[in-house]
Amino acid sequence: MDITIRQEKEADYQAVEEVIKRAFSDVEISDKTEHHLVKRLRGSEAFIPELSLVAVHEATGELVGQILFTKAKVGDTETLALAPITVLPEFQNRGIGGNLVNKGLELAKELGYASAFVLGHPGYYQKFGFKKASLWGIKAPWVVPDEAFMALELHGKSLDGVSGTVQYADAF
Ligand SMILES: CC(C)(COP(=O)(O)OP(=O)(O)OC[C@H]1O[C@@H](n2cnc3c(N)ncnc32)[C@H](O)[C@@H]1OP(=O)(O)O)[C@@H](O)C(=O)NCCC(=O)NCCS
């Protein structure tokens, strides 16, 4: 199955929100409003169009996944927050999520971002090099399990000497 990963366009917005709704419909810890979050983020200063990506099934043109990185801060340092990432249930476990993360991180590096944070399942994000943020003394802006809040350095030891609480966009 061939999948293309490209930047989200305005014409994709509705399909992206549908993917997010469907992907979270069976997720217990979800509040089922993640598609509204994406709408708010698109309209905020934290939005980075180049880092809002979609996965498209080449044969049918169907939009099957999405990933979004938005601007965040830790202390005075600019960083990225990965959220949300979703793949349609019937397309999961085929590597599409992994491709979205890898492509997003590659583009983030090219754009000069030095680090990224994610709140999620440790087993999933460790594969991409994420480690628990508490190793740097960095905290999530919410009460979450220590191992679920993770950081990745995109350039050298970019988080050395950085500490504090990550400030996500107000839209969160
Ligand atoms: C998380 C998600 C995007 C992964 O997409 P995907 O295309 O299935 O991912 P991949 O095929 O690249 O990777 C699948 C692997 O991740 C694992 N995985 C998937 N969801 C997981 C989860 N919530 N926790 C731990 N591992 C998970 C699978 O077991 C599989 O492991 P394996 O490679 O060792 O077999 C997708 O499952 C999804 O949309 N989930 C619902 C929405 C969600 O929870 N998003 C994350 C929070 S924003």
Side-chain angles (χ1 to χ4, degrees), residues 1-8 12-42 44 46-49 51-72 74 79-108 113 115-133 138-152 154 166-172:
M1 188 184 52
D2 289 324
I3 297 287
T4 301
I5 294 181
R6 60 158 173 82
Q7 188 176 324
E8 181 194 43
D12 300 321
Y13 285 3
Q14 219 180 331
V16 164
E17 286 153 33
E18 201 51 40
V19 168
I20 297 172
K21 246 198 243 181
R22 286 197 45 215
F24 276 109
S25 62
D26 288 336
V27 177
E28 237 175 74
I29 51 163
S30 156
D31 61 6
K32 316 293 175 217
T33 62
E34 291 82 359
H35 55 294
H36 296 310
L37 168 67
V38 167
K39 269 194 243 181
R40 288 199 301 276
L41 286 168
R42 285 197 200 104
S44 80
F47 188 62
I48 308 161
L51 295 181
S52 185
L53 305 177
V54 294
V56 180
H57 186 208
E58 280 182 17
T60 63
E62 187 184 6
L63 209 149
V64 298
Q66 64 69 232
I67 190 169
L68 177 60
F69 293 82
T70 47
K71 290 180 199 167
V74 50
T79 186
L80 290 173
L82 190 182
I85 171 174
T86 54
V87 171
L88 282 178
E90 62 271 31
F91 285 90
Q92 290 176 8
N93 293 311
R94 303 184 197 193
I96 299 171
N99 288 342
L100 283 164
V101 175
N102 284 324
K103 184 73 186 173
L105 293 173
E106 186 188 309
L107 289 169
Y113 288 95
S115 60
F117 287 82
V118 68
L119 174 62
H121 223 279
Y124 189 65
Y125 294 102
Q126 271 163 16
K127 290 185 232 174
F128 310 101
F130 281 89
K131 294 182 188 149
K132 55 183 187 177
I138 299 172
K139 294 192 181 81
W142 311 282
V143 177
V144 295
D146 183 55
E147 63 281 4
F149 190 61
M150 293 162 271
L152 177 69
L154 296 171
V166 178
Q167 266 178 272
Y168 274 62
D170 290 342
F172 280 92

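Numbering of residues begins at 1 and proceeds along the displayed sequence. Numbering of ligands and ligand atoms starts at 1, following listing order.
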Are side-chain heavy atoms of Ile3 and His57 found at a separation under 4.5 Å? yes
**Request:** Step through it carefully: locate the ring centre of Tyr168, locate the ring centre of Trp142, and say whether they are under 6.0 Å apart.
**Result:** yes
Would you say the side chain of Leu105 lies within less than 4.5 Å of the side chain of Phe69, judging by non-hydrogen atoms? yes
| message | Counting C-beta onward and ignoring hydrogens, is there a side-chain heavy-atom pair between Ile20 and Pro84 closer than 4.5 Å? | response | yes
Side chain to side chain donor-acceptor pair (under 3.5 Å) filter on Thr79, not counting sequence neighbours, yields Ser115
One line per pair, note the atom names and distance for all nitrogen or oxygen contacts under 3.5 Å between ligand 1 and the protein.
residue, atom, partner, partner atom, Å
ligand 1, 7 (O), Gly97, N, 2.8
ligand 1, 8 (O), Asn93, N, 2.7
ligand 1, 9 (O), Tyr124, OH, 3.1
ligand 1, 11 (O), Asn93, N, 3.4
ligand 1, 11 (O), Arg94, N, 3.2
ligand 1, 11 (O), Gly95, N, 2.6
ligand 1, 12 (O), Gly98, N, 2.8
ligand 1, 12 (O), Tyr124, OH, 3.3
ligand 1, 24 (N), His121, ND1, 3.4
ligand 1, 33 (O), Lys127, NZ, 3.3
ligand 1, 37 (O), Gln92, OE1, 3.4
ligand 1, 39 (O), Val87, N, 2.8
ligand 1, 39 (O), Val87, O, 3.3
ligand 1, 39 (O), Gln92, NE2, 3.3
ligand 1, 45 (N), Ile85, O, 2.9

Could you check whether any side-chain heavy atom of Pro141 comes within less than 4.5 Å of a side-chain heavy atom of Phe172, counting everything from C-beta outward?
no
